[in-house]
Amino acid sequence: MDYKQTLNLPKTDFPMKANLAKREPEILKFWQDINLYKRLREKSKGKPLFILHDGPPYANGHIHLGTALNKILKDMIVKSRQMSGFDAVYVPGWDCHGLPIEHQVDKELGAKKQNMSPAEVRQYCRNYAEKFVNIQRDEFKRLGVIGDWENPYLTMSYDYEATIARELGKFFANGSVIKAKKPIYWCIHCRTALAEAEVEYYDHESPSIYVKFPFKEDELLSFPELQGKKVSVIIWTTTPWTIPSNLAIALHPDFEYVAAKVKHENDSEVWILAEGLLEQCMSEFGISDYKIVKKFAAKELERLACKHPFIDRDSIIVLGTHVTLDSGTGCVHTAPGHGREDYEVALEYGLDIYSPVDDDGRFTKDVPFFAGTIVFDANPMVSQKLKEVGALIKEDKLSHSYPHCWRCKQPVIFRATEQWFISMDKTGLRQKALECINQVEWIPYWGKDRIYSMIENRPDWCISRQRAWGVPITVFICNDCGGVLANEAVFDRVVDLFEKEGADCWFTLSVDELLPDGAKCPDCGGKNFRKETDILDVWFDSGVSHAAVLEKRPELRSPADLYLEGSDQHRGWFHSSLLESVGTRERAPYKAVLTHGFVVDGKGYKMSKSLGNVIYPQEVIDKYGAEVLRLWVAAEDYRDDIRISMDILKRLSEAYRRVRNTCRFLLGNLYDFSPEKDSVDYENMEEIDRYALHELQNIVKRCRRAYSRYEFFKAYHAIHNYCVVHLSAFYLDVLKDRLYTSPPASKARRSAQTAIYNILVTLLKLMAPILSFTSEEAWKYVPGEKEHLSIHEEALPDVVESWINEELADRWETILAIRSDVARAVEKARQSKIIGHSLEACIFLALPSEVFEEFKGDKDLLRSVFIVSDLRFVPREELEGDELSVEGEKLPGLVAKADLADGEKCERCWVRDKSVGTFDDHPTICSRCYHVVSA
RNA sequence: GGGCCUAUAGCUCAGAUGCGGUUAGAGCGCACGCCUGAUAAGCGUGAGGUCGGAAGUUCGACUCUUCCUAGGCCCA
């Protein structure tokens with residue numbers, strides 16, 4: 001007889017092999033077909049809202065691991081909150097305006113662009129953005145991210161553009177917008193102002209020159225020892241082209257300066273520089289023969305005037321704490337129109353913000369010798385000129401970190417131009433923002449310090465750009481007096497038009513069509529206007545998303561519960577959103593802000609094409625499936641840098657298989673189980689099954705706590721560990737005998753099935769926010785009636801208090817300790833070739849007396865837990881000295897030994913038993929099986 | 001150059017409140033073995049860290065301080 005046929009072996013169609021690359025799209029289609037997002041919304045009506053407001057990625061290019069990580073994290077949060085009883089609405093968005101797209105379009109259009117109107121170029125940009133919105137949408141959906149993908153928000157949609165204009169109007173109305181000349185980063189190649197966020201630093205080779213600025217003759221009257229001498233201040237610069245714009249020389253107020261007598265080109269001269277740099281400079285100049293003739297405190301030289309080396313103009317001495325002794329001479333060449341610190345110190349001293357450079361980077365007509373020259377080309381010419389006038393001490397080259405344009409990668413310049421700013425202090429914006437920061441929960445906590453110091457120290461917000469693809473600064477300039485028309489009526493009119501036609505109409509309609517009736521210049525009463533042609537910084541666009549999305553959509557609200565982005569957004573979106581919201585509403589647009597780190601390679605280095613360590617999401621999806629990518633996001637502590645490598649992914653895919661297989665085994669043993677009909681009441685369940693349910697509650701507790709704190713790595717470890725240690729290696733292994741050999745409908749078997757059914761359902765729900773595909777796939781195989789079509793409509797399991805039994809847990813902790821020591825005894829016997837499978841063993845066990853007292857009546861329970869054929873309690877002395885015996889490690893005082901069990905192996909249940917061979921009609925099976933088979 | 005952050009076994013994370021105190025724990029991977037009724041599965045055993053480095057505070061530090069190194073984000 002084939003006794004195997006009489007066993008209840010596991011059966012399931014749930015495949016062992018995931019084949020995720022193929023199966024995931026089927027599950028995605030299922031979600032699409034049932035319209036999961038819509039179903040979730042309908043079923044969640046009336047539940048408390050949880051709003052995770054999506055930060056809009058830029059609609060350019062394909063997604064990368066960073067964006068994938070971000071979206072998966074958001075998805076796991078939204079799903080876990082949804083399953084925790086919230087109505088977790090998720091509206092994804094895209095940032096559509098801005099230079100990168102315009103740049104790409106420039107490339108595609110090439111020369112054709114010259115003949116196109118701004119409106120036509122904008123249409124091209126719009127199409128370009130739309131294309132990548134669609135691409136990225138598909139890529140995000142492929143990751144299993146559930147959201148309102150049919151109705152995302154786009155910063156280029158008409159209503160969004162109208163909101164941008166409306167919000168800008170509020171800043172004009174409250175008086176915080178100012179127009180000012182200010183040095184800003186300027187890309188002469190792109191002919192545009194760049195935000196701080198738009199420059200990147202690369203190494204660049206610059207000239208390095210030391211230049212003499214001679215004192216005016218009568219400036220040194222108070223220093224008799226310098227009378228009649230040729231005295232100069234020595235400066236150092238790596239931008240010779242800014243020398244024509246020099247208006248001052250900055251010294252540090254706390255440094256000591258010296259006048260040193262030197263011989264230079266056969267002339268006796270006196271040079272002034274910082275004492276701390278004297279030696280270094282002299283050796284640099286190759287001058288060994290010098291003598292200090294006087295020392296100064298910087299203060300003594302303040303406001304004295306030097307002569308510009310080749311222009312008839314003074315250069316006065318100013319004091320500034322930005323001066324350092326790291327390099328140069330301690331005397332800093334200051335061109336207020338060409339440097340941030342130069343500018344600031346110039347404001348203090350009332351100097352002109354002089355910047356005689358045009359949009360193309362050419363010197364204007366005011367500049368003698370170099371008018372019309374591109375500034376970078378002027379570098380050698382300036383050096384030459386300085387040499388001619390005898391002002392150049394030394395010329396060299398220096399490789400250093402220098403700002404470059406983020407798009408064209410060309411070096412940028414600092415240049416003062418007329419720009420629009422939102423003032424940080426005029427209306428107290430900075431102070432109010434700092435106060436609001438304290439109202440927000442920052443996760444991790446140090447994010448607060450980070451953004452606080454950024455807001456504390458940032459300059460005014462430059463909101464204007466000289467480009468085409470963006471929302472215009474919708475104000476009018478009076479042709480007669482240059483006054484600005486930016487009142488409520490203007491903005492109301494523009495907002496109306498934008499809502500109907502989009503911001504493009506600013507470019508297609510005439511001034512008269514755009515102006516509200518009866519518009520007059522507030523300054524001169526004039527009626528002739530031109531449009532401002534600058535557009536807004538795109539950070540302003542995304543910064544108003546709380547107004548354009550959270551406040552506008554009925555299903556959302558502001559402030560959001562959570563903003564979640566990479567830690568770079570402390571200066572980006574968190575920052576601009578805060579300023580916009582505080583500036584117009586006096587409160588932060590978010591209650592909490594969560595940040596994650598950056599994706600780096602397996603060694604902790606950032607990913608870059610040049611290092612060749614870039615991994616693309618698509619590679620991972622093709623090879624392992626999006627599920628493994630999700631598991632990666634879950635497994636890593638995202639608050640730090642997040643490492644990824646093919647090795648890490650391989651590990652994760654193995655961990656995935658383990659979890660999947662555990663689910664499969666659970667399913668396989670439920671093929672004939674109906675939870676409604678076959679469940680056994682808790683009180684009637686076997687002890688070990690009740691213990692399993694107790695342990696299950698621990699994992700529920702751990703996961704729920706982890707989810708509530710967004711600590712997915714803890715949930716992942718808890719789930720994985722549970723599957724491997726508790727289920728696979730212990731509980732399920734022990735259960736096999738009972739599940740397989742008992743009569744199918746016996747209470748013993750139904751008890752086990754009741755436990756594993758509950759375990760399975762609980763486990764799948766706990767997994768669902770992370771392993772969204774697999775939990776959904778397995779959900780379909782779970783027996784019994786289900787209320788919902790998708791597991792994502794279910795709630796996370798609650799802790800079942802009545803299943804918690806600490807007393808039972810204590811008892812089983814001891815059993816597991818004994819089991820662990822017994823396993824070592826079994827292993828010893830195995831190594832000695834006495835047994836193979838543990839079922840061949842009989843365990844001889846000596847326990848400490850109090851433990852023995854507790855378990856002496858549980859021989860058969862322990863036997864089954866050890867998965868052996870026989871168990872005998874023996875006195876300690878009987879085992880001591882036996883080379884097969886093992887001392888207890890987990891349970892000190894225990895001694896255990898494994899030996900071959902008596903009797904024959906039952907062909908059906910594989911237990912060795914003396915009863916095998918005693919039944920004439922079934923001579924190869926044991927009495928236990930005999931009763932099952934002959935029943 | 002400045003601000004913030006990180007650094008525990010080959011890998012991913014721990015030791016539940018951003019607080020110093022028994023021989024630093026898991027899982028994975030690895031090695032060896034078993035099983036062939038979870039089988040491109042399953043089980044067992046074992047070997048691996050002195051907590052990035054140095055100094056200091058302390059009766060005592062992986063946990064506190066300083067400095068250094070490496071890496072990340074932001075800024076210059």
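In what follows, chains are A, B, ... by sequence order, proteins preceding strands, each numbered from 1.
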S.K.: Under 4.0 Å, counting only non-hydrogen atoms across every strand here, what does A:R705 touch: a base, just sugar-phosphate, or nothing?
M.R.: base
S.K.: Is there a side-chain polar atom (N or O) of A:K4 under 4.0 Å from OP1 or OP2 of B:G37?
M.R.: yes
S.K.: Within 90° of 0 counts as syn, otherwise anti: where does B:G60 fall?
M.R.: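 Anti, angle beyond 90° from zero.
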S.K.: Please classify the nucleic acid contact of A:R660 as base, sugar-phosphate, or nothing, using heavy-atom distances under 4.0 Å.
M.R.: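 Here A:R660 touches no strand at all.
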S.K.: Write down the distance between NZ (A:K650) and C1' (B:G29), rounded to a whole number of angstrom.
M.R.: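 Answer to the nearest Å: 8 Å.
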S.K.: So what does A:N457 touch, heavy atoms closer than 4.0 Å: a base, only the sugar-phosphate, or nothing?
M.R.: nothing
S.K.: Go ahead and name the base partner of B:A26; Watson-Crick or wobble counts if both distances stay under 3.5 Å, otherwise write none.
M.R.: B:U12
S.K.: Have a look at A:Y656 and tell me which of A:R660, A:E654, A:R658 forms a side-chain hydrogen bond (donor to acceptor under 3.5 Å, both in side chains) with it.
M.R.: A:R660
S.K.: Figure out the CZ/P separation between A:R824 and B:G44, and round it to whole Å.
M.R.: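 Between P of B:G44 and CZ of A:R824: 14 Å.
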S.K.: Tell whether A:K736 reaches the base of B:A38 with its side chain through a donor-acceptor pair below 3.5 angstrom.
M.R.: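 Such a pair exists between side chain and base.
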S.K.: Is there a stack between A:W910 and B:G37, judged by ring centres under 5.5 Å and planes under 30°?
M.R.: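 Yes, A:W910 stacks on the base of B:G37, since the ring centres sit under 5.5 Å apart and the planes are within 30°.
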S.K.: Would you please test A:D899 and A:K828 for salt bridge (charged side-chain N to carboxylate O under 4.0 Å, His left out) and show each step?
M.R.: CA-CA 10 Å; A:D899 206 341; A:K828 201 161 195 178; over 6 Å; no
S.K.: Under 4.0 Å between a side-chain N/O of A:S728 and OP1 or OP2 of B:C43, yes or no?
M.R.: yes
S.K.: Between A:E889 and A:R824, does at least one N-O distance fall below 4.0 Å, as a salt bridge requires?
M.R.: yes
S.K.: Kindly point out which of B:G72, B:C74, B:A14 is positioned nearest to the side chain of A:D568?
M.R.: B:C74
S.K.: Measure from the side chain of A:R571, starting at C-beta and using heavy atoms only, and say which of B:C74, B:A40, B:C73 lies closest.
M.R.: B:C74
S.K.: B:A38 pairs with which nucleotide, Watson-Crick or G-U wobble, both distances below 3.5 Å?
M.R.: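 Partner of B:A38: none.
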S.K.: Mind checking A:N661 for me? I need base, sugar-phosphate or nothing, with any heavy atom below 4.0 Å counting as a touch.
M.R.: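 Base contact.
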S.K.: Applying a 4.0 Å non-hydrogen cut-off, can you work out what A:T12 is touching in the nucleic acid: base, sugar-phosphate, or nothing?
M.R.: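 Nothing, no heavy atom under 4.0 Å.
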S.K.: Report which part of the nucleic acid A:G836 touches: base, sugar-phosphate, or nothing (heavy-atom distance under 4.0 Å, all strands).
M.R.: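 The answer is sugar-phosphate, as A:G836 gets under 4.0 Å only of primed atoms, P, OP1 or OP2.
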S.K.: Check whether the side chain of A:R639 and the base of B:C5 form a donor-acceptor pair under 3.5 Å.
M.R.: no
S.K.: Of all the nucleotides listed (B:C73, B:A38, B:C43), which has the minimum atom distance to the side chain of A:D733?
M.R.: B:C43
S.K.: Between A:Y605 and B:G71, is there a contact of a side-chain N or O with OP1 or OP2 at under 4.0 Å?
M.R.: yes
